[in-house]
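Okay, so here's the structure we're looking at.
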Amino acid sequence: MTTQTQASGQAPVFSMRDASKSFGSTQVLRSISLDVAPGEVVAIIGPSGGGKSTLLRCATTLERIDAGSVAFGDLTVADTSADGTVTYASKERLRQAKSRFGLVFQSYNLFPHMTVMRNVCDAPIAVQRRPRAEVEAQARALLAKMGLAGCEGKVPCQLSGGQQQRASIARALCLNPDILFFDEPTSALDPELTGEVLKVMRQLAVEGMTMIVVTHEMQFAREVATRVVFMDGGAIVEEGTPQQVLGAPTRQRTREFLARYSG
Ligand SMILES: Nc1ncnc2c1ncn2[C@@H]1O[C@H](COP(=O)(O)OP(=O)(O)OP(=O)(O)O)[C@@H](O)[C@H]1O
């Protein structure tokens with residue numbers, strides 16, 4: 001795909017076009033289009049059931065779209081032909097695409113029986129087929145950066161929730177991704193541990209990491225995001241800078257959500 005993002009004029013790292021998704025007779029995504037330029041931090045907000053997680057799952061090939069397209073840079077993952085058939089890329093191209101993004105879940109999703117080190121190194125070695133010594137050196141550096149030096153040999157249940165989430169961010173970063181997706185990364189954490197994780201995410205943003213973050217942390221969206229997307233009923237209802245969407249929303253549904261949220 002050669003399209004350029006409106007905001008920066010740069011080719012998008014991630015691009016979703018007219019993507020739709022239904023579960024049975026329920027349409028959960030309605031013609032979603034989202035281009036993300038290098039260095040952008042896009043916060044996706046909106047009421048429960050609005051389709052935020054499904055958008056991330058479709059973006060990261062955990063779910064298949066029914067229409068539209070998904071691409072990571074020049075690598076098209078799914079596209080729709082003129083007759084409306086959606087075609088996914090070959091297994092090998094999907095493997096390449098999976099090397100371009102990292103995914104951080106609300107519930108960490110670390111393998112419970114593996115050490116922190118193995119959790120971080122597993123995909124770079126198995127999926128990206130990189131040399132073990134190189135991956136382990138990078139993993140140690142990333143764990144240190146996440147404040148987890150000395151935790152390499154522990155298993156997830158020996159860590160706090162905040163530490164587990166930081167380990168899962170290290171795991172995502174060890175893929176050297178072009179973009180990171182976060183699905184409500186702090187909702188399972190109490191406020192103190194939430195702060196630790198948000199601090200790490202802020203630092204990544206400062207370093208220029210491209211990120212899409214589904215979040216209920218409005219302060220994070222206000223202070224760190226370059227763009228806020230408000231989703232409701234499976235559609236993008238409003239998007240713009242944090243000042244625009246959070247400070248002066250133009251759509252009634254956004255205003256109602258923000259009023260309910262801060263009330
Ligand atoms: N695998 C599935 N099968 C059937 N319905 C699903 C499935 N996954 C999601 N849904 C439905 O899709 C809709 C959107 O769900 P989704 O989790 O994407 O919303 P969300 O905005 O992330 O909500 P929340 O903020 O509560 O996580 C909901 O009605 C949900 O019940």
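All values derive from a computational prediction rather than experimental measurement. Counting convention: from 1, in listed order, for ligands and their atoms alike.
- For G49, a nitrogen or oxygen atom sits less than 3.5 Å from a nitrogen or oxygen atom of ligand 1, counting backbone and side chain alike.
- Protein heavy atom nearest atom 26 (O) of ligand 1, with residue, atom name and distance: S48 OG, 2.5 Å.
- Heavy-atom separations between R57 and ligand 1 are all 4.0 Å or longer.
- Looking at atom 11 (C) of ligand 1, its nearest protein heavy atom turns out to be V28 CG2, 4.1 Å.
- Listed by chain and number, the residues in a ring pair (Phe, Tyr, Trp, His ring centres under 6.0 Å) with F181 are F14, F101 (sequence neighbours excluded).
- Judged by a 6.0 Å distance limit and a 45° cone about the ring axis, R64 is positioned over the six-membered ring of Y88.
- Shown here is R100, whose CZ atom has more than 12 heavy atoms of other residues, nucleotides or ligands within 6.0 Å.
- Within the structure, the closest approach of G24 to ligand 1 does not fall below 4.0 Å when heavy atoms are considered.
- Counting only heavy atoms of the protein, atom 17 (O) of ligand 1 lies nearest to S53 CB, 3.7 Å.
- By the 4.5 Å heavy-atom criterion applied to side chains, L34 and V229 are counted as neighbours.
- Near P47, the atoms of ligand 1 lying under 4.0 angstrom from a non-hydrogen atom of the residue are 21 (O).
- Scanning all protein heavy atoms for the shortest distance to atom 1 (N) of ligand 1 gives F23 CE2, 3.5 Å.
- Regarding atom 25 (O) of ligand 1, its nearest protein heavy-atom neighbour is K52 NZ, 2.9 Å.
- Taking the side chain as every heavy atom from C-beta outward, M231 and I45 never approach each other to under 4.5 Å.
- In this structure, G51 counts as a contact residue of ligand 1, since one of its heavy atoms falls inside 4.0 Å of the ligand.
- What sits closest to atom 16 (P) of ligand 1 on the protein, heavy atoms only, is T54 OG1, 3.6 Å.
- No side-chain heavy atom of R166 sits under 4.5 Å from any side-chain heavy atom of S168.
- Atoms of ligand 1 found under 4.0 Å from any heavy atom of G50 (numbered from 1 in listed order, with element): 19 (O), 20 (P), 21 (O).
- The pair E92-R95 meets the salt-bridge criterion, with a side-chain N (NZ, NE, NH1 or NH2) lying under 4.0 Å from an Asp/Glu carboxylate O.
- If you look at E184 next to ligand 1, the close heavy atoms, those under 4.0 Å, all belong to the side chain.
- The two residues T250 and R255 make their nearest non-hydrogen contact at O-NH1, 3.3 Å.
- The nearest protein heavy atom to atom 6 (C) of ligand 1 is closer than 4.0 Å.
- Put simply, the side chain of V41 does not reach to within 4.5 Å of the side chain of T210, judged on heavy atoms.
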